[in-house]
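Residue numbers start from 1 in every chain, and the chains themselves are labelled A, B, ... in the order their sequence lines are given, proteins ahead of strands.
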Amino acid sequence: MLQVAYIRQHPDLVKKRLAVKQFKDLSVVDEVIRLDEERKRLQLEFDTTQSKVNTASREIGLLMGKGQQEEAATRKLEVAALKTSLQPISEQLNIVGQQLQGELVKLPNLPAQDVPAGKLPSDNITVREGGAKPVLPQGAVPHWDLINQFGIVDFETGARITGSGFPLYKGKGAKLQRSLIQYFLDYNTAAGYTEYLPPLMVNEASAYGTGQLPDKEGQMYFMPADNFYLIPTAEVPVTNIYRDEIVKEEELPIKMTAYTPCFRREAGSFGKDVRGLNRVHQFDKVEIVQIVHPDKSYAVLEEMVNHVESLLQSLELPYRILKLCGGDMSFASALTFDFEVYSAAQERWLEVSSVSNFESFQTNRMKIRFKDANGKMQLAHSLNGSSLALPRIVACLLENNQAGDHIDLPAVLHPYFGAGSLTL
RNA sequence: GGAGACUUGUCCGAGUGGUUGAAGGAGCACGCCUGGAAAGUGUGUAUACGGGAAACUGUAUCGAGGGUUCGAAUCCCUCAGUCUCCGCCA
C-alpha cells in the first residue's frame, strides 16, 4: 500500500508512475487526497470535542470528590450534550476512513525509475542470457511424453484423487522433487538464509499483508469453514512472520527461505500453455524472502538476482533474465526480474522465478518497521524471489537432457538424487 | 471435545472505576565515575493520526470488537490467542 503522506506530497509524480504501470483510473489519486483532507478535518473536530469531554469528566470526578453533587450533575448534562454532538462526527470519521482505505488499496505499487514502459510481455527487456540451448537427439519429445515413458508423474491418477492440475509424482519422479527441494534449500541456507517451514494456510490478515487480498482472492483456494486461504506461494506466510513487528536496525537484513507446496486456482487457461507440468494447481517451490533497510533494497535485489542466476547455472539450464515492463509487473512490485529457462523440446521459454523489490508496499500494510539511527520509525523494504519453482525446472531438465533410455542430471543433483541419471 | 487460568510498553511485571500512557525492574541511549572496562550513579527511552514556525500540544491505543458509566487497563458481552488439567489422537 502506498503511503498517504507520499501521495499528498507528490500527486503528479504518483500519477506519472502509475501510468507506467498501466494503471488507468488516476482519479483514485485525487479521491485519496480529497478523502484524506476530509479525514483530517473530521479528526480535528472529533479531537477537540473529545478533549472537552475528557476535561469535563476529570472535573466531575474532582467535584464529586469534594461532595459537590449538584454541580457535578450540571456538568454531566453538559458532557451528555457534547457526546450527542460527537456521535455523527465519529460516524462520519469512520465512514471516511473506510472510504480512504478502500481507495488506497486500489492503487498498485509505483514502478521504480528504470522500469520499462510497455503493456505486454513482449515489452519486457532481456537483461542477459546464459547457458547454451542443447541439441536434442533424434526423436526428442516434450516432457509430458517423457513423464509417461519414465512413469514419474501420473496426471490421470492425480485428477482422479483431486482434479486436473494436481500431479501425482511417483518413484524417481517423487525422489527428483525431494532432491531438488533439498538442494535448493541447502543452496539458500549456505548463502545465509534461515530456513522456515511455515503453515500452508493463512488467515485474511496475512493474505492482505502481502497483497493477495483484497484484489486477487479468486486466485487462491479458500476454506470458508475456517476462513483460511491455501497459500499461493511461501511469500505469504514467510513475509508475514514479521507482520506488526518493530525490528532492530542491526537485525537487518532478515533473510528467510522456505519450501512449500503452492496452490493456485489459475482459472481460464488452456491449450499447450497448460500441458504437462507447464501450469498446475499444486506445485512445489522454494522461496527466498528478505526484509531490508530501505537504502539497501536495490542492492539486495541485485544480490538476489545473482543468487538465483547462479543456482540456474548450477543446474546447467539455458536461461534468460527479463526486466519486466510496467504492464507485466505484479500489483505490489516496484521492480521485477523474471527468470525463464528454455524448454528445448517445446521450444519455448518457461518462467521459473520472479524476483521483486516491493519497497515499502507490503511492509506498509504489515507494519514491519525499524528504528533508524536518528531514532525515527521507518518502514523496512521487503523482497522475494523463487529459488526455484520446481515443475518447469523438471520439465526442462527432462526435455533438455533426454538421451533415449535415460535422462542425464546435472552434477549438483547427483548426491541428492543418488544417481547421475534418471533411468527407466 | 470438557474444565479452569491468563493476554499490559522492546522484555519482565504491578495495577479492580477518576491527572494511569500506565508503578517497579531489565534492556537500550546519553552523561558522570574509570587509565580503560565492569560495577555504581544521573537523565532519558511507546506508537498512530492531528494542531503548531518551534517550544509544545490534542486524540486514540493495556489481545480484537462491542456495551455500561460523566469517567474503563480496571465492570459486562462477543470473538481470537496462550497456558494448565482431563478426554481423544499421528
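- Taking the ring axis of F337(A) as reference, the NZ or CZ atom of K323(A) does not stay both within 45° of it and closer than 6.0 Å to the ring centre.
- For L35(A) and rG50(B), the CG to P distance is 14 Å, given to the nearest whole Å.
- Across rU47(B) and rA22(B), the matching P atoms stand 14 Å from one another, rounded to whole Å.
- Geometrically, R264(A) does not engage F283(A) in a cation-pi contact defined by less than 6.0 Å to the ring centre and at most 45° from the axis.
- Of all nucleotides present, none satisfies the Watson-Crick or G-U wobble test against rC88(B) with each distance under 3.5 Å.
- Nucleotide rA48(B) holds its P atom 17 Å from the CG atom of L100(A), rounded to whole Å.
- In a base pair of the Watson-Crick type (N1 to N3 plus N6-O4 or O6-N4) or a G-U wobble (N1-O2 and O6-N3), with each distance short of 3.5 Å, rG35(B) is matched with no nucleotide.
- Between Y319(A) and F339(A), the ring centre distance reaches or exceeds 6.0 Å.
- Of the nucleotides present, rU82(B) is the one that pairs with rA5(B) by Watson-Crick or G-U wobble criteria, both distances under 3.5 Å.
- The partner of rU68(B) cannot be assigned: no Watson-Crick or G-U wobble pair with both contacts below 3.5 Å exists in any strand.
- Side chain of K371(A), nearest nucleotide from rG18(B), rA48(B), rA46(B): rA46(B).
- The separation of rA38(B) from rC32(B), taken at their P atoms, amounts to 14 Å, rounded to a whole angstrom.
- Closest approach to the D36(A) side chain among rA60(B), rG50(B), rC70(B) is made by rG50(B) (side chain taken as heavy atoms from C-beta onward).
- Taking atom CG of N54(A) as the reference point, atom C1' of rU57(B) lies 14 Å away to the nearest angstrom.
- Remark: rC28(B) base-pairs with rG44(B); criterion is Watson-Crick or G-U wobble with both hydrogen-bond distances under 3.5 Å.
- K76(A) has its NZ atom 13 Å from the C1' atom of rG17(B), to the nearest Å.
- The side chain of M377(A) sits closest to rA48(B) out of rG51(B), rA60(B), rA48(B).
- L230(A) pairs with exactly one of R265(A), H281(A), M223(A), Q282(A) by the side-chain contact (heavy atoms from CB on, under 4.5 Å) rule, that one being M223(A).
- Atom P of nucleotide rC70(B) and atom CE of M64(A) are separated by 10 Å, given to the nearest angstrom.
- Nucleotide rU20(B) forms no Watson-Crick or G-U wobble pair with any nucleotide shown, as no partner meets the under 3.5 Å limit on both distances.
- In this structure, the nucleotide among rU59(B), rG50(B), rC70(B) sitting nearest to the side chain of F46(A) is rU59(B).
- A straight line from CD1 of I60(A) to P of rA72(B) spans 12 Å, rounded to a whole angstrom.
- Distance check on atom P: rA14(B) versus rC6(B) gives 12 Å, rounded to whole Å.
- The CZ-C1' distance, from R39(A) to rU59(B), rounds to 12 Å in whole Å.
- Atom name C1', nucleotides rU10(B) and rU84(B): the rounded distance is 28 Å, in whole Å.
- Nucleotides rG63(B) and rU7(B), compared at atom C1', are 6 Å apart to the nearest Å.
- Nearest to the side chain of S57(A), among rA48(B), rG51(B), rG71(B), sits rG71(B).
- Remark: rC62(B) base-pairs with no nucleotide; criterion is Watson-Crick or G-U wobble with both hydrogen-bond distances under 3.5 Å.
- On the C1' atoms, rU16(B) is 31 Å away from rC86(B), given to the nearest whole Å.
- With hydrogens and angles left out, the side-chain atoms of Y187(A) and S314(A) include no donor and acceptor closer than 3.5 Å.
- Comparing R75(A) and L62(A), the nucleotide of RNA chain B nearest to each residue sits closer to the 5' end for L62(A).
- Distances shown here put a side-chain N or O of S51(A) below 4.0 Å from the OP1 or OP2 atom of rU59(B).
- Between E251(A) atom CD and rC11(B) atom P the separation is 12 Å, expressed in whole Å.
- Across all strands shown, rA14(B) remains unpaired; no Watson-Crick or G-U wobble contact has both distances below 3.5 Å.
- Note on Q50(A): a side-chain N or O is less than 4.0 Å away from OP1 or OP2 of rA60(B).
- Defined by atom type and a distance below 3.5 Å, a donor-acceptor pair is missing between the side-chain atoms of H381(A) and E359(A).
- For the P atoms, the distance linking rA53(B) with rC12(B) amounts to 41 Å, nearest Å.
- Closest contact between the side chain of D47(A) and the listed nucleotides rG51(B), rG58(B), rG71(B) involves rG58(B).
- Ring centroids of F370(A) and H293(A) are separated by less than 6.0 Å, placing the two rings close together.
- Out of rG71(B), rU47(B), rG50(B), the shortest distance to the side chain of R369(A) is found at rU47(B).
- Counting only N and O atoms by type, the side chains of E235(A) and Q362(A) include a donor and acceptor under 3.5 Å apart.
- In terms of position on RNA chain B, the residue among L44(A) and K83(A) whose nearest nucleotide sits closer to the 5' end is L44(A).
- With P as the reference atom, rU74(B) and rA60(B) are 15 Å apart, rounded to whole Å.
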